[in-house]
Amino acid sequence: MLERLVSQGIRAQPVLDAMAAVPREAFVDEVQSVRAYEDCSLPIGQGQTLSQPYIVARMTELVMAGEPRLTRVLEVGTGSGYQAAVLAQLCQSVFTVERIGAFLEQAKARHRALGLLNIRYMHRDGFKGWPSQAPFEAIVVTAAPDAVPPELKEQLAIGGRLVIPVGAQGGGQKLTVITRLADNEYQTRWYDLVSFVPLLPGSLA
Ligand code: SAH
């Protein structure tokens, strides 16, 4: 998987090290685990998917922006817990928000089993982020809204970045990076064409 990531253009060594440190098979059920290191997304239940390794690495590279380590990062869309586990290798604290309660409990158990203790969890609608823990050096959203939620931009530290797939389902989403340059000044850059599940409002048990 690592050689493939390098050939796909992932260059940041800390990101490759983090991908190497997290056993991907621990984040999918037994039936899927034989495919855990293949270049594909995997079903995680409730119509949700764990992105292919390249997309996880790519988003992590954009989150890190060349820095070796970050202090506070927010993830919206915990899902299997895999992306949070990769971020936990590179950040002092990871805050992760998920709208489906059952996913959150499962991710927590997986992280504990791997001895990952620097992740905090919130069961809520991630459109609103996690205001009481803001500001964040980076926010990564692993489901796609039609438009960037303004609350998430407001929870960035100055110099911080929001990495988010944006666009309608089936209409081609763009991996977007929004950097907060000053209080009311943001810069937007567009990267890969991606296909994420939708960011949905409200929360479920
Ligand atoms: N990062 C995950 C990917 C999971 S797929 C992983 O590593 O496995 C996207 C996840 O986003 C799903 O679990 C879905 O329930 C969640 N999600 C969708 N809308 C959300 C919202 N508004 N707030 C929080 N989580 C949301």
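Order of listing sets the numbers, starting from 1, for every ligand and every atom in it.
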Using a 4.0 Å heavy-atom cut-off, which part of [X] comes near ligand 1: side chain, backbone, both, or neither?
X	value
Q83	both
S51	neither
F27	neither
T142	both
E75	side chain

Work out which heavy atom in P43 is nearest to a heavy atom in Q32; give both atom names and the distance. CG-NE2, 3.5 Å
Under 3.5 Å, N or O to N or O, is G202 touching ligand 1 that way? no
Any nitrogen or oxygen of G77, main chain or side chain, under 3.5 Å from a nitrogen or oxygen of ligand 1? yes
Are [X] and [Y] side-chain neighbours, meaning at least one heavy-atom pair lies under 4.5 Å?
X	Y	value
S93	R120	no
K153	Y186	yes
E98	R124	no
P53	L5	yes

Does either side chain, that of [X] or that of [Y], offer a donor lying less than 3.5 Å from an acceptor on the other one?
X	Y	answer
R72	Q133	yes
Q83	T60	yes
Q8	D39	yes

Which protein heavy atom lies closest to [atom], and at what distance to 0.1 Å?
atom	answer
atom 13 (O) of ligand 1	E98 OE1, 2.7 Å
atom 25 (N) of ligand 1	R99 N, 3.3 Å
atom 8 (O) of ligand 1	S80 OG, 2.7 Å
atom 4 (C) of ligand 1	T49 O, 3.5 Å
atom 22 (N) of ligand 1	L200 O, 2.6 Å
atom 23 (N) of ligand 1	G126 N, 2.7 Å
atom 12 (C) of ligand 1	Q48 OE1, 3.2 Å

Heavy-atom contacts with [X] under 4.0 Å: which atoms of ligand 1 show up? List them by number with element.
X	answer
F103	13 (O)
L50	6 (C), 7 (O), 8 (O)
V197	5 (S), 9 (C)
I100	15 (O)
T78	1 (N), 2 (C), 6 (C), 7 (O), 8 (O)

Flag yes if more than 12 heavy atoms outside Q13 fall under 6.0 Å of its CD atom; otherwise flag no. yes
Any chance NZ of K108 has more than 12 other-residue heavy atoms, nucleotides or ligands included, within less than 6.0 Å? yes
Assign the ring pair H111 / Y121 to parallel, tilted or perpendicular, where the plane angle (0 to 90°) is split at 30° and 60°. parallel
Let's go through E75 and T96 carefully: what are the C-alpha distance in whole Å and the side-chain angles of both, what is the deciding distance for side chain to side chain donor-acceptor pair (under 3.5 Å) to 0.1 Å, and is it a yes or a no? CA-CA 5 Å; E75 178 194 33; T96 186; 2.7 Å; yes
Any sub-3.5 Å donor-acceptor pair from Q48's side-chain atoms to Q46's backbone N or O? yes
Below 4.0 Å from any atom of ligand 1, is there a heavy atom belonging to A107? no
So, does V56 sit close enough to ligand 1 that a heavy atom of it is under 4.0 Å from the ligand? no
